[in-house]
Amino acid sequence: MKLHEYQARDILARYGVPVTGGGVATTPAEARAIAEQIGGRVVVKAQVFVGGRGKAGGVKLADTPEQVEQVAGQILGMNIKGLTVEKVLVAEAITYEREIYLGVIMDRASRRIVMMASAEGGVEIEEVAKTNPEAIVKVAAHPMLGLLEFQARDLAYGIGLTDAKQARQFAQIATALYRAYMDVDASLAEINPLVVRADGSLQALDSKIVLDDSGLFRHPDLEAMRDASDEPEAEQRARAAGITYIKLDGDIGCMVNGAGLAMATMDVVKLYGGEPANFLDIGGGASKEKVKTALQIILSDPNVKAVMFNIFGGITRVDEVAKGIVAALSEVETDVPMIARLVGTNEEEGRRILAESALIPAATLAEAAEKAVHAARAR
Ligand code: GDP
Ligand code: MN
């Protein structure tokens with residue numbers, strides 16, 4: 001789950017990161033009022049879940065409250081990379097001499113939490129990684145001790161912050177960012193740019209936090225901050241129904257119970273030359289309503305040319321799921337071919353129920369994948 005800049009900023013402020021204050025506005029008049037309170041030059045920033053807002057015209061400086069009102073009027077309602085701007089952050093404008101990048105990620109390759117810094121701040125780190133990877137310095141936090149003081153200092157020296165006082169402040173900010181990352185169960189936390197001011201002090205101008213969805217249950221306060229506006233409708237609907245759904249680019253819809261089985265199902269589809277249209281874990285106790293919702297979600301993707309059910313009945317009984325599928329099919333209008341492989345508790349009864357439907361039965365996972373790939377190609 002992504003957080004907006006102003007939300008990430010508020011979290012980082014609690015950890016002692018020097019962020020700029022200001023407030024959030026949804027109308028030009030509100031933006032003006034905030035600017036009047038701040039006094040002086042301000043920056044007006046679109047609050048949308050995309051990088052590179054600056055380049056897209058979503059970040060603008062303004063000198064007077066009148067200008068702020070005008071600029072906010074331009075940015076609010078603006079479309080940036082497909083998203084409509086509904087909120088702007090109005091904050092004190094900072095003058096600076098250098099832009100730095102600082103970020104924390106979960107690095108799967110090294111299986112460590114890695115902190116990265118770059119002297120080339122202000123641009124997206126992916127861009128730096130492509131064009132000038134040597135400009136990025138990294139340290140891996142100790143799995144038990146966390147980010148150590150000397151590591152944070154190494155980062156500072158690595159990007160040319162050699163002044164002792166500056167290196168100390170950088171280390172404090174890095175440590176605060178790391179602690180925030182760990183405490184909120186983030187998958188990414190970054191400050192870009194972190195700027196160096198004329199007096200040598202450091203200041204965070206833009207904050208970003210992406211939360212790990214699997215850790216969200218521990219943070220109801222963060223869950224309450226969710227802005228679902230950038231999330232595809234199908235994924236919102238799935239979440240509300242307790243179904244895990246991730247849209248992919250292929251044409252074979254997959255309905256599976258259990259995350260591990262869903263992953264294995266996608267592998268087998270690929271093994272037989274197909275491409276899965278989605279990951280879908282319907283979870284335990286798949287009721288008729290849940291099966292129906294899942295089927296509607298899968299079919300809402302126009303690329304889907306065949307649907308494959310792979311259900312393992314353990315605690316969930318196969319005959320119950322079969323009833324759910326038949327009932328759901330009677331209520332969902334579609335001519336997409338469906339292949340079902342249902343095994344486990346009460347499978348004979350389940351198969352008998354499905355025999356009366358239009359579903360194509362399969363005895364094994366391999367057979368189901370083969371039939372699904374075949375059915376999709378035939379369309
Ligand atoms: P992003 O493009 O979406 O990452 O948005 P940022 O918040 O990082 O802003 C983009 C750029 O706008 C920054 O790299 C700065 O160059 C500039 N900017 C943002 N805030 C300020 C500010 O307070 N003062 C000045 N002078 N420039 C700013
Ligand atoms: Mn930025």
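Residue numbers count from 1 along this sequence. Atom set for the values below is all heavy atoms of this structure, side chains included, hydrogens, waters and symmetry mates excluded. For ligands, and for the atoms within them, numbers begin at 1 and follow the listed sequence. Please read these numbers as outputs of a predicted model, since none were measured by experiment.
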Worksheet item: Is any side-chain N of the basic residue among Arg351 and Glu348 closer than 4.0 Å to the acidic one's carboxylate O?
Response: no

Worksheet entry | Pairwise distance CD(Gln67) to CZ(Arg41) - rounded to 0.5 angstrom | 8.5 Å

Worksheet, complete the sentence: Near ligand 1 (heavy atom, under 4.0 angstrom), the protein residues are Val43, Lys45, Gly52, Arg53, Gly54, Val59, Leu61, Glu92, Ala93, Ile94, Tyr96, Glu99, Gly122, Asn192, Pro193, Leu205, Asp206

Discussion item. Counting backbone and side-chain atoms alike, is an N, O or S atom of Glu124 positioned under 2.8 Å from the Mn ion (ligand 2)?
Written reply: no

Item to complete: Enter the distance from Asn257:CG to Asp281:CG here, rounded to the nearest 0.5 Å.
Response: 7.5 Å

Discussion item. Among the N, O or S atoms of Asp206, which one sits nearest to the Mn ion (ligand 2)?
Written reply: OD2

Discussion item. Looking at Arg317 and Asp319, is there a salt bridge between them, counting it only when a charged N and a carboxylate O are closer than 4.0 Å?
Written reply: yes

Discussion item. Which residue in the set Val256, Ile339, Val343 passes side chain to side chain contact (heavy atoms under 4.5 Å, CB included) when paired with Asn310?
Written reply: Val256

Discussion item. When you measure from the side chain of Asp107 to the backbone of Ser110, do you find a donor-acceptor pair of N or O atoms at a distance under 3.5 Å?
Written reply: yes

Worksheet item: Does the pair Lys270/Glu275 count as a salt bridge with the N-to-O cut at 4.0 Å?
Response: yes

